[in-house]
Every structure is written in C-alpha cells, then in structure tokens.
2 protein chains.
Amino acid sequence: MGIITAINTEPASTHRYLNSDRQNNDIRQFGVAGLMATAHSCTYMRDIASSRNLTAGETLFWEDDPIQYTYLIIDGSMKAYKLLPNGRSQITRFITTGEIISSPLIDNYSYSTEALGDCTILQLPQKRFDKIMAKDPALMKSIFGKLSIELQRTQKQILLLGRMPAIERVSNFLLDIAQRQNPQTAHFESDMLITLPMARADIADYLGLTIETVSRAFSKFRRDGLIDLPRPNLVRLRDQTRLRAQSHSLTG
Amino acid sequence: MGIITAINTEPASTHRYLNSDRQNNDIRQFGVAGLMATAHSCTYMRDIASSRNLTAGETLFWEDDPIQYTYLIIDGSMKAYKLLPNGRSQITRFITTGEIISSPLIDNYSYSTEALGDCTILQLPQKRFDKIMAKDPALMKSIFGKLSIELQRTQKQILLLGRMPAIERVSNFLLDIAQRQNPQTAHFESDMLITLPMARADIADYLGLTIETVSRAFSKFRRDGLIDLPRPNLVRLRDQTRLRAQSHSLTG
DNA sequence: CGCGGCATTGATCCCGGTCAAAGGTCGTGG
DNA sequence: CCACGACCTTTGACCGGGATCAATGCCGCG
C-alpha cells in the first residue's frame, strides 16, 4: 500500500528539540514528518490515513473552513496564504515534501492552502488524530515541538517583512530554500543548484514585494555574479558567502 | 503570600479552544493566565514559583539566552523583540498582565524581552514546569492551545507587515489594543478610552514603520475625528466603526 | 507558426523614510 | 509653585526605494 509505504520506509531523522528522557522500547519513527509515536499509535494512524492527489493550483482548504484533517505532504509543494478584502494576498508559509499541516486545538484554518505543482498528500481525520495524541504524550510532544519551530519561523518572517529592504528579503529567501533542499551540504557546497517550485508571484507574495521587484533582485544577483538562472525557476548559487553577507543572515 | 494570591484569586476565564471532554473533579483554574491544571499541579507550581519586580526598561532575557523559566505577567506590560546587526529592531509581540511567556521544547529564546513600565512577574523554573506538564495532559493541552493562538496572531502580523499601508497598520493596532484592554465591550462602546503602555518608537517597531509615520497616522485620525489624544499615550476612540472600516479589519 | 502565460526590463510616481526643527510633557530642583 | 531641562512627540521639507504602469522577451504548447 502506498500509504503504509509512505509511513514506514523513510529513514529516521534527528530531533534536536525533543527531550529523549523516556523509554524507547515501544517508540517508532513515524514517516517523513519525523514524528515520534508508540507502535500502537502508528498502526492506528496507518488504519485511518488515506492518500490523495492534488493537481497544480488545486486548493486543499480555505481560510475559515472547519478543520477536518491533519495533512502530511508525501510529494510536491504547497503554499499557505491569507487574503485581504482588496484582493492582495500574503503567503505565510511554503510547505514541502515531508512536512505536516496541523493546527491542533483550533476549530478553523487560519489560512488557505493551494498546491504549487502536482502533489500527493496523506490525510488523517483530525478528531481521531486528537484522540491518538491524547493517549500518546510522545506524539503530542512531537507535534508540540513542530508548532514551536513554526512559531520561531514566523517570528523571523516578521523581522524580515518589518525591517528588511527588498534585496535582503530575496537573498534570505534563496538561502532559506537552499538550506531546505539540501540541509546537509548547504553551507559547504560552493555551486549549489536549487529548484524553485513556486512562481515569481508567489515569491513576491511571500516576501511582501511585487513580482517586478523580485525579478529585479534576481537580475541584480545575476549581474553581480552571485547566481545563475539557467531557467526562471532553476537557480545556481555561485557565491553563497557573498549572498549571505548581504542577507543579514536570518538563516543561521 | 503575593504569589499564591496571584495564582488563586483571579476569576475563571473562558477557554474557547479547549475541548472540555474530561472530568472536572480535580481540575482547577490556574491564575490570570487561564491555564487548566490538576490540583496537584497547582500546589506544586505554587511551591516552585517566585515573584519578581522589573523596572521600566529592564531586560528580562536576551535572544539566544538559554531558557530558564516560564513567566507569567502579574502586572505591567512588556515587549518581545528581535534585533538586526544594523541596529534595527522589530517587536514581535506586546505582552500584558495575565499573559505568559513560554517556549516549551525549545533550548534558547528566539527574542529579547524588556519591561515597558514597571512590572511584576511570576517565574517557574522551566525544567520543573516541563515535568509537571509531562504528568498533566490538561496543562500541556492548555499551553499547547496558547501556542496555537500565538501562531495565529503572528500570521495576522505577517499579513499586516507584508501587505498593509501605514494607515491600516495603525488602525489595526489601535483596534487590537482596544479589544485587549476591554474584551467585553470593545464592539459596542462608542467612546472608549485606551491607555498605550508603550512609546511611539515601540509602536513603530511593532508595525514596521518609523516614529514619524506612526505619529502622522495618529494626527490624521485626530483631524478626521476618529480619535482624541488627551495625552500622547491616552487615546479615545470616537468612531470605532469608521476606524474599523479603514483597517481592513484583521480584528474580527 | 502564432498564441497565451510568465518573466524581464524600462519609465514614472508615490508612500513612507530621512533629516531637521519646533512643540509638549514630565520630573527635578530651586 | 514655578523654572529649567531632558526626552518624547509632532510637524514640515525633501528624498529614495519600491510600486505601478507599460512594453518587450521568452518559452511551451496547440
């Protein structure tokens, strides 16, 4: 089964934020999301999970919709965004393979989500997931940790939006994507190639800029020899050090 | 004892975000923060908590400091902020009486905090608090809920910083403060008086603007008859409806 | 080959930042 | 109680970064 495969075959990832002062005997790694759960929780989740495909541009849910599922992205990328009455939109988060969409203890989504390209996702009914969590402190702690991390990330985003000029926002964005696509080698790789799953308009909506300003920033980086742009959404980082220097590094 | 008083005498507040499908027999309301905990947790917290006074401008902790305590503000207001190498600062949150400062499962603070005026706070050693939480799912759930709410708030702040012009930011700020200072009557009160515990510089750092722009927005609201400014940090909302109309209401 | 959608580039405009000065407010000391 | 001074706020004049408007380029697909 695709679902079970998705849950079971992924290698263990590290969990810096988890205190590991509890017995490991009936604890298993749970899927790409890097969640910790008891064996019992795992089998139960396997039973209630179902997979689903999304095509490019498809909306998964809208802001204010009642929360029905916790989602795990198996493949592809999505955007989470908020809309203003005047039609302007602000992307709060890009969500990629291996990440979860979960808002426990909340009744309605606080943002809409849309697939950037074709996606495969796994969905777990929220109420049942809540019950599993209630009986599995390790799982709850795990989700808890993800929430904390997400909160820290949004705080960085607030600093970026409130106090950084366009050039710094874009360089931070590139370095951030680079790190997410290549966590191990990001700092050392001198000529790293990254793929942007989103269009310029999405980058602009994420950074609080316009398409034109984002494009101009990319062009400036190309002129200055910091990046190559073989295609609009293929970026080669040619001088990561210099890029980081002018980003005021939000990325540690 | 001041501490115990602070924990025990406050009236119960509502908890929209809490499922109340568990037995209420040994559950007690816990202090102004509106946390739920077992009686046992309460007495234990009472024992390990200590109170502390801060004078205006005093720093409680710096960004990147190791996390030592969970704090509860008994009286006064604080700001949480991040700094950039070039000296610019961005306030991510204002924290007032009855609110908590807690970053569970994280090793270091992701922001600095400073008292806006004189403050009284309650502090609970983080490690002991973690242990209490591990044994008290209701308390954990409660903190969990607060974290979720805070995440939603930061997402609104991202929308504000990324996509709103100065006037809308300031009107949203005023309406937000109004609602926090007077949750019950905020919508009906026609001539509501609010006290700003922070200076213009702090408002500017919170809204991603400059002191001058904030001041100009206040003056414009005064000219347009939306507010009175008996003193720099005393605001009377004279036409909340019209204020809300031009805020693109982030405040429901 | 031509069309449609996205990205780039250029020209101009305007909101909000910067710089500078004047006005208020409050605490302190005479 | 008033006078002084430090600091905060307000107001004005000007400037610049990024938005807006518009044209051109690029690429995939029918």
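A, B, ... follow the sequence lines: proteins, then strands. Residue 1 opens every chain. Just so it is clear, the structure is predicted and the values come from calculations on it, not from any experiment.
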Within the pair A:Thr210 and D:dA19, is there a side-chain N or O less than 4.0 Å away from OP1 or OP2?
yes
With sugar-phosphate meaning primed atoms plus P, OP1 and OP2, does B:Arg222 contact a base, only sugar-phosphate, or nothing at under 4.0 Å between heavy atoms?
sugar-phosphate
Between C1' on C:dG10 and CZ on A:Arg223, what's the gap in Å once rounded to a whole number?
12 Å
Under 3.5 Å, side chain of B:Ser171 to main-chain N/O of B:Ile167, donor-acceptor pair present?
yes
To the nearest angstrom, the CD1-P distance between A:Ile211 and D:dA23 comes to 17 Å
Modelled atom types, side-chain donor and acceptor of B:Gln126 and B:Thr70, under 3.5 Å
yes
Using whole Å, what does the distance between atom P of nucleotide D:dT9 and atom CE of B:Met198 come to?
11 Å
How many Å lie between CG on A:Asn233 and P on D:dC27, as a whole number?
12 Å
Between A:Pro165 and A:Pro230, name the one whose nearest nucleotide on DNA chain D is closer to the 5' end.
A:Pro165
Rounded distance in Å - CD1 (A:Ile227) to P (C:dA7):
14 Å
Given the side-chain rings of A:Phe61 and A:Tyr109, with only the six-membered ring counted for Trp, is the space between their centroids under 6.0 Å?
yes
Check the phosphate of D:dG18 against A:Thr213, side-chain N and O only, distance under 4.0 Å to OP1 or OP2. Yes or no?
no
Winner on side-chain proximity to A:Arg88, out of D:dG12, D:dT20, D:dG18, is D:dT20
Within the side chain of A:Arg200, is there an N or O that forms a donor-acceptor pair under 3.5 Å with the backbone of A:Glu212?
no
Of all the choices, C:dT8, D:dA19, C:dG16, which nucleotide is nearest to the side chain of A:Arg200 once you look at every atom?
C:dT8
Ignoring hydrogens and angles, does a donor from either the side chain of A:Arg216 or the base of D:dT20 sit under 3.5 Å from an acceptor on the other?
yes
Take A:Leu229 and A:Arg163, find for each the nucleotide of DNA chain C with the closest heavy atom, and name the residue whose nucleotide sits nearer the 5' end.
A:Leu229
Select base, sugar-phosphate, or nothing to describe what B:Ser215 touches, counting heavy atoms under 4.0 Å on all strands.
base
In this structure, how many angstroms lie between the P atom of C:dA21 and the CD atom of B:Glu212, rounded?
14 Å
Whole-Å distance, B:Ile203 CD1 to D:dC8 C1', equals 12 Å
Kindly point out which of C:dG16, C:dA7, D:dA19 is positioned nearest to the side chain of A:Ala199?
C:dA7
Between A:Leu207 (CG) and D:dA19 (P), how many Å, whole number?
11 Å
Using a heavy-atom cut-off of 4.0 Å across all strands, would you classify B:Arg231 as base, sugar-phosphate, or nothing?
sugar-phosphate
Pair A:Asn53-A:Thr120, side-chain donor/acceptor within less than 3.5 Å:
yes
Which listed nucleotide (C:dA7, C:dT18, C:dG16) is nearest to the side chain of A:Pro232?
C:dA7
